Amino acid sequence: MEVETTIHGTKKVTPLLEKTVYSILFSISFAHLLNDLIQAIIPSIYPLLKESYNLSFSQIGLITFAFQFSASIFQPLVGYYTDKNPKPFSQIYGMLFSMAGIVSIAFADNFYWIIASVILIGTGSSIFHPESARISNLASGGKRGLAQSIFQVGGNFGTALGPLLVALIVIPNSQQYILWFIIVAAIGLAILSKIAYWYRDHLVLRKNKVQPFIDFHNLPKRKVQIAIGILLIVIFSKFFYSASLSSYYQFYIIDKFGLSIKQAQFHMFIYLIAYAVGTILGGPLGDKIGRKYVIWLSVFGAFPFALLLPYVNLFWTDVLMIIIGIIISSAFPAILVYAQELLPKKLGMVSGLFYGFAFGMGALGSALLGKLADETSINYVYHVCSYLPLIGAICYFLPNLKKKV
């Protein structure tokens, strides 16, 4: 479809939806895999760090808080700045921060050094995500839900691979073996360099032609603000609950079922793969049936399974974690694209806000749940958290956005 624009009496025809650039989508997805694989090292080595340095659950929560707060606080700022001043090579700087964090945490031998190391990795992540989300949008060819799913599933697979590789490489040897993950960062730098040149050339091409503005809604400003508020509440519910799974699930099944650290990491891998599958489904489903319904069902729909989780044996724990992972992970691609459609002129800022808020809620959740686990028990934490998906019922009040033409 084309749009006809008149400039100084001259008509110019501009494509409304460009061709989907799958090579860039899969490249940025793979870069996301590598970025989030590095991030996944942090929770994967928690049992090792807890045992080696006699850390409390509160300290584990503070490590997560430091990592996710540093990964969240800069993202809206990076997104806001790059909306006005796109920086094609900024992701390379982010990966260099992550590489420095890998080296640092491999040699960290006390709580404060660990904190400093995870802040480096978090800062790298905060630089990576806003521009990456924008690149996936630019390469989508109008298939925004599909593009976000492809982009985010890379991150999910990276998060899933992290514990598996840590179990195979680090746990049987020593903390210093984390240095092997420098190879991951180096591959990431090579891929991001290729993407950066495409992004730079794409920006030059876009400057030389009229870009149509696609209006996805005719909502008044107040309704847009309310819808953004509802989405942030949903993010709170989703990522606060996810914090109990990403930071403490290994401790939970070790404590409840008497598993070893290595066994617990393989069970964590099962959940994370299910989470990746749900991400693949969420974006295209949002394109097809409407993002509001995907968001509503994926958060609120996890409630009955989360409620059952604390009461079942190991086999059914795995089954429920697969179901919860698939359902709850399908929300984020739909949430992010829905938010971008609410504020289509502020893609970077919106992406940074929602990624940042997601990391921030994970940080807050990890810190508070760690304190709760110290004062009660890890099992009690899972009983309390099982009610969080109920908050997803608020999605009923989200407006329906009109479909793109």
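As the structure is a prediction and not an experimental result, all values here were calculated from the model.
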Out of S126, S132, S125, which one pairs with H129 under the side chain to side chain donor-acceptor pair (under 3.5 Å) rule?
->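 Of all the options given, the one that passes is S125.
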Hey, can you tell me if Y275 and Y271 have their rings parallel, tilted or perpendicular (30° and 60° cut-offs)?
-> perpendicular
Anything under 30° is parallel, anything over 60° is perpendicular, the rest tilted; go ahead and classify F89 against Y197.
->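 The arrangement is perpendicular - the two ring planes meet at more than 60°.
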Could you check whether any side-chain heavy atom of [X] comes within less than 4.5 Å of a side-chain heavy atom of [Y], counting everything from C-beta outward?
X    : Y    : answer
M321 : L309 : yes
L231 : I295 : yes
F257 : T317 : yes
I191 : I28  : no
I92  : S193 : yes
I261 : L48  : no
V319 : V312 : no
N110 : Y53  : no

Can you tell me if [X] uses its side chain to pair, donor with acceptor, with the backbone of [Y] under 3.5 Å?
X    : Y    : result
N313 : W316 : yes
H32  : G154 : no
Q265 : K262 : no
T64  : I60  : yes
Q176 : A106 : yes
Q175 : I105 : yes

Shortest non-hydrogen separation from [X] to [Y] and the atoms involved:
X    : Y    : result
S29  : I150 : OG-O, 2.5 Å
S329 : G325 : OG-O, 2.6 Å
G101 : L120 : CA-CB, 3.8 Å
A276 : V153 : O-CG2, 3.3 Å
C395 : V234 : SG-CG2, 3.3 Å
Q250 : A264 : O-CB, 4.0 Å

When the ring centroid of Y248 is compared with that of Y252, is the distance short of 6.0 Å?
->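 No.
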Quick one: do L37 and T159 satisfy side-chain contact (heavy atoms from CB on, under 4.5 Å)? Show the steps, please.
-> CA-CA 5 Å; L37 193 159; T159 303; over 6 Å; no
Pair [X], [Y]: side-chain N/O donor-acceptor within cut-off below 3.5 Å:
X    : Y    : answer
E131 : Y199 : yes
H383 : N379 : no
S386 : Y241 : no

Results of side chain to side chain donor-acceptor pair (under 3.5 Å) for S104 - residues two or more places apart only =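 With neighbours one apart ignored, the set is W113, S117.
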L336/Q152 under side-chain contact (heavy atoms from CB on, under 4.5 Å): CA gap, chis, key distance, verdict | CA-CA 11 Å; L336 188 58; Q152 289 179 31; 3.7 Å; yes
I would like to know whether I127 and M95 meet side-chain contact (heavy atoms from CB on, under 4.5 Å); could you show each step before the answer?
-> CA-CA 8 Å; I127 296 170; M95 188 59 73; over 6 Å; no
Please indicate whether [X] has more than 12 foreign heavy atoms, meaning atoms of other residues, nucleotides or ligands, lying under 6.0 Å from its [atom1].
X    : atom1 : value
K371 : NZ    : no
Y177 : OH    : no
D109 : CG    : yes
F269 : CZ    : yes

Report the C-alpha separation of F181 and V166 in whole Å, then their side-chain angles, then the decisive distance to 0.1 Å, and conclude whether the side-chain contact (heavy atoms from CB on, under 4.5 Å) test is met.
-> CA-CA 10 Å; F181 289 91; V166 166; 4.1 Å; yes
Is it the case that K50 places NZ or CZ above or below the six-membered ring of F57, under 6.0 angstrom from the centre and within 45 degrees of the axis?
->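 K50 over F57 ring: yes.
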